[in-house]
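These notes concern the structure reproduced below.
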Amino acid sequence: MARFILVLVVGLALLTWAVSGVVQTTVREWFERDVNSRAKLVLTGSRQSIADAWNDPVTLNRQLVSLARDERVMGAVACNTDLSTRSGTQGFPEEFNCLAVGSRVRAADPVVDVVNGELHEWSTIATLPTGRVYVSAMPISIQGQEVGFAILVHDLSYIDRRERTAQTFLIVVFCILAILASGIPLLAAKRARSDWSLELRGLLHGKGKQSREFQPILSDMRELVGRMVNEREDAPGQWTAERLQQTLNRHLHGEKIVILANREPYIHNHVADGKIEVQHPASGLVTALEPIMRACSGVWVAHGSGDADRETVDLNDHVRVPPGEESYLIRRVWLTEEEQQGYYYGFSNEGLWPLCHIAHTRPVFRTADWRQYRIVNQKFADAVCREVDSKDPIILVQDYHFALAPAMIRKRLPEATVIVFWHIPWPNSERMGICPWRNEILEGLLGSSILGFHTQLHCNNFIDSVDRYIETRIDREHNAVVRQGHRTLVRPYPISIEWPVRWVETAPSPEDCRAQVWRDFGLKPNALLGIGVDRLDYTKGIEERLLAVELLLEQHPEFRGRFSFAQLAAPSRTKIERYKELNETVERITERINTRFGKKDYTPIILLRSHHEPPEVFRFYRAADLCFVSSLHDGMNLVAKEFVAARTDLKGVLVLSEFTGAARELTEALIVNPYDLESCAAALAVALTMPADEQQDRMRSMRSLLAQFNVYRWAGKMLVDAARLRNQERVAGRLAEHANAGPAD
Ligand code: F6P
């Protein structure tokens, strides 16, 4: 724009300069011609009266004075033929006296073509100090006899004045034109820019119809904003509940979050004396997601599994939680015995759970269970759709209990953003093929917008399964699956815990915790304590863990009588045969070890088979010398992370199975293969003798990782990805609308 205006102004200046030259020459010629003919006219008209008054000096002078009365005539003079002055007006310029002009009048003058006797008419333009003058002379005759001549001097300075006026006028006109020429486009540009930015802003906020000229700039802007947002979201610094809240507000404009997860974060149960107690279930999923809901609020749709759950909900089956600091809602869904049996115990936990974990328990698939699984998925999907408050809500579907729900939700809410997180491993495609309803499972999950796993390996396994069993287009560049025009992004989001952990904040000091545990279990002052904290599940490698402790005591007599291992084992899925078996096996192994190595005042294995509330669990974490996590296969295992979080004193050693997701992050743990009992026993011995400074170094490093990679970051990343996806979909939607509406005007 500035360049255009510069060119315009320079062009106008050149034009004005050229025009003013032409105007000046033309005006001057006009005036000179005008003066010439005026002078001739004046002299010719007065020739007779001058001749008549020639011999009367008074009348002659009056004649000359009357000639010079014209303001443009400087003076007139009458000259005799001998070039003497006969009469003249005052102020006649001396430079053109009779003598000076007479010689020219007598000579032939090329300018003058009229010849009269010996004297000629003559005229010239001369410059005096006062300005230019036009001098004209004309012979005077009486009865054909030349008696002299008259000279008239016209002042031409007015022509110069007029030229200057004309030039000034032209310059003024030029300036006005230049101002207009630059001002009008500037104003127009400013106006256009403000209209343009208003329209663009509107389009970026999803309002208005997109015109074609905005398409490239919109996509550039979105890319730029996306890059800036990426940089901002990826900016270093700790993720906190507040940062997650801000991220949510920035990207999702306060939209309500709805979580669908089978397990509820607060279970109401009857206890003695008709009282109702609130229980925190032993669940990695709940550990991770509860802080997210505290930060973001919204609704958590879950199975109402507590025996006092119905008594604590309102008419809409809602209950406000957390108790005492209510910030979000649980929406309880009720299941019949038959539904629970088929959906939860049957298809979810006898089918999908062993299918997805390499733990050598054979999956069982029953048609009746599958039927209930479908019915219950639909029931939960309907409940979710009733909880949302817009046509494009954000719904977080959790885990293997709800593989069909994403497609069911999408059917009812095509514009919803459905984020699925699969908390357990995804098997390789060959193993997935075992499931008779593998295609339905895959198609159900592909109803989601984003599908998250803990690791890239599980993402790859999922994509391979899709590739192998159903008709889709796989976009390997973007890790996405496109089915019937719908795109699902498949991404790794390793889950974590809140930081800081609220149970740690309120826990007694590690010394006090140790003293309490020592007192409760009658441990000797020099005793060493190892702990395991799990649901009683065959994937957790509890049998292997106990066998490794047995081997340690066998191979290292120095630990007999000193080292005890406390296993906190929360009963889980107890109606399933395999879990009953596990319970019995664990009990049997415990008894054997305790018989083999125990003494009156020494119990090698302390088996605590009951639910433990988080404060109790954290008391053990803070008291122990080591924590042994020996899962045979585990998506993540948050117990490992909780133990590290609990050790504010930087003491204690984590012995961690290489088959957990956590082992990829907590590399300063002693990493073991739980199938290799010898190496596990050796790792336990190393842990029990590890110098304090090495314990501190390892703990410090793992704690700094967890502080950074906490669950707020996990949720933040997923929600930011969802927000980006929503923006892209909005733009794509508008482009499609635009294309349908035909070409822009
Ligand atoms: O991811 C597996 C999971 O759903 C976790 O949330 C939790 O550790 C456990 O299983 C809970 O099991 P359940 O809800 O059957 O008690």
Side-chain angles (χ1 to χ4, degrees), residues 259-267 269 279-293 300-306 309 330 332-333 335 339-359 361 369 373 376 380 396-403 405 420-427 451-455 458 493-497 532-542 568-576 578-580 582-583 610-612 614 617 629 631-642 659-662 711 714:
I259 287 186
L260 169 59
N262 174 70
R263 187 60 67 200
E264 56 183 340
Y266 296 94
I267 305 175
N269 280 324
Q279 193 185 80
H280 299 84
S283 157
L285 181 152
V286 170
T287 304
L289 283 170
E290 210 276 335
I292 303 300
M293 280 308 268
W300 181 314
V301 180
H303 171 215
S305 56
D309 272 358
I330 296 178
R332 284 174 173 152
V333 174
L335 298 181
E339 284 171 339
Q340 254 203 85
Q341 183 54 49
Y343 143 80
Y344 175 75
Y345 291 106
F347 193 76
S348 296
N349 287 316
E350 285 191 274
L352 288 179
W353 180 267
L355 177 74
C356 291
H357 288 93
I358 307 170
T361 292
D369 294 346
Y373 187 81
V376 172
F380 276 97
L396 305 181
V397 177
Q398 304 299 309
D399 232 347
Y400 60 101
H401 308 91
F402 297 117
V420 172
F421 192 76
W422 193 262
H423 289 253
I424 61 175
W426 188 274
L451 174 55
F453 295 95
H454 292 297
T455 66
H458 299 152
Y493 300 102
I495 207 166
S496 196
I497 53 173
V533 177
D534 311 82
R535 282 181 307 103
L536 250 175
D537 193 295
Y538 53 85
T539 60
K540 302 295 179 186
I542 300 171
L568 279 66
S572 177
R573 306 169 191 170
T574 46
K575 289 188 184 168
I576 297 174
R578 178 68 184 90
Y579 286 79
K580 288 184 191 150
L582 172 74
N583 189 27
S610 62
H611 172 78
H612 291 82
V617 174
V629 174
S631 301
L632 302 181
H633 198 195
D634 211 325
M636 176 54 70
N637 195 299
L638 293 183
V639 164
K641 292 188 174 181
E642 282 183 335
F659 305 120
T660 60
V711 79
W714 172 80

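As the structure lists them, so they are numbered: ligands from 1, and atoms in each ligand from 1. Excluded from the calculations below are hydrogen atoms, water molecules and symmetry mates; all remaining heavy atoms, backbone and side chain alike, are included. In this chain, residues are counted from 1 in sequence order.
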Among protein heavy atoms, which sits nearest to [atom], and what does the distance come to when rounded to 0.1 Å?
atom                    : result
atom 8 (O) of ligand 1  : G284 N, 3.1 Å
atom 15 (O) of ligand 1 : Y344 OH, 2.4 Å
atom 6 (O) of ligand 1  : L285 CB, 2.8 Å

**Asked** Quick one: OG1 on T361 to CD on E350, what's the gap to the nearest 0.5 Å?
**Response**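 The OG1 atom of T361 sits 10.5 Å away from the CD atom of E350.
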**Item:** N/O donor-acceptor pair under 3.5 Å between T455 side chain and H458 backbone
**Value:**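 Yes; at least one donor-acceptor contact below 3.5 Å.
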**Prompt:** Between the main-chain N or O of C356 and the side-chain N or O of W353, is there a donor-acceptor pair closer than 3.5 Å?
**Reply:**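 Such a contact is absent between W353 side chain and C356 backbone.
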Would you mind running through ligand 1 and noting each atom that sits below 4.0 Å from a heavy atom of [X]?
X    : result
I424 : 1 (O), 2 (C)
R263 : 13 (P), 14 (O), 15 (O), 16 (O)
R573 : 9 (C), 10 (O), 11 (C), 12 (O), 13 (P), 15 (O)

**Asked** Between E264 and H303, does any side-chain donor sit less than 3.5 Å from a side-chain acceptor?
**Response**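 Per modelled atom types, E264 and H303 side chains form no pair under 3.5 Å.
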**Prompt:** Just wondering, do D634 and M636 contact through their side chains at under 4.5 Å, heavy atoms?
**Reply:**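 Sidechains of D634 and M636: no contact.
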**Item:** Test applied, side chain to side chain contact (heavy atoms under 4.5 Å, CB included); reference residue, Y344; option that passes from R573, E339, K575
**Value:**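 Checked R573, E339, K575 against Y344; only one passes side chain to side chain contact (heavy atoms under 4.5 Å, CB included): R573.
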**Request:** Taking the six-membered ring for Trp and the full ring for Phe, Tyr or His, determine whether the centres of F380 and F402 are under 6.0 Å apart.
**Result:**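 F380 vs F402: aromatic centres under 6.0 Å.
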**Prompt:** Does the gap between the ring centers of F421 and H454 come in under 6.0 Å?
**Reply:**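 Under 6.0 Å, so yes.
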**Asked** Between I495, D537, D399, which one has a non-hydrogen atom sitting closest to atom 4 (O) of ligand 1?
**Response**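 Among I495, D537, D399, the closest heavy atom to atom 4 (O) of ligand 1 comes from D399.
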**Message:** Looking at non-hydrogen atoms alone, which of R535, H303, H423 comes nearest to atom 11 (C) of ligand 1?
**Reply:**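 Going through R535, H303, H423 one by one, R535 has the nearest heavy atom to atom 11 (C) of ligand 1.
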**Request:** Report the part of W422 in contact with ligand 1, treating N, CA, C, O as backbone and CB onward as side chain, heavy atoms under 4.0 Å; options are side chain, backbone, both, neither.
**Result:**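 Neither part.
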**Asked** Do ligand 1 and V286 have nitrogen or oxygen atoms that lie under 3.5 Å from each other?
**Response**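 N/O-N/O distance under 3.5 Å: no.
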**Asked** Any N/O of S572 closer than 3.5 Å to an N/O of ligand 1?
**Response**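 Min N/O separation from ligand 1 is not below 3.5 Å for S572.
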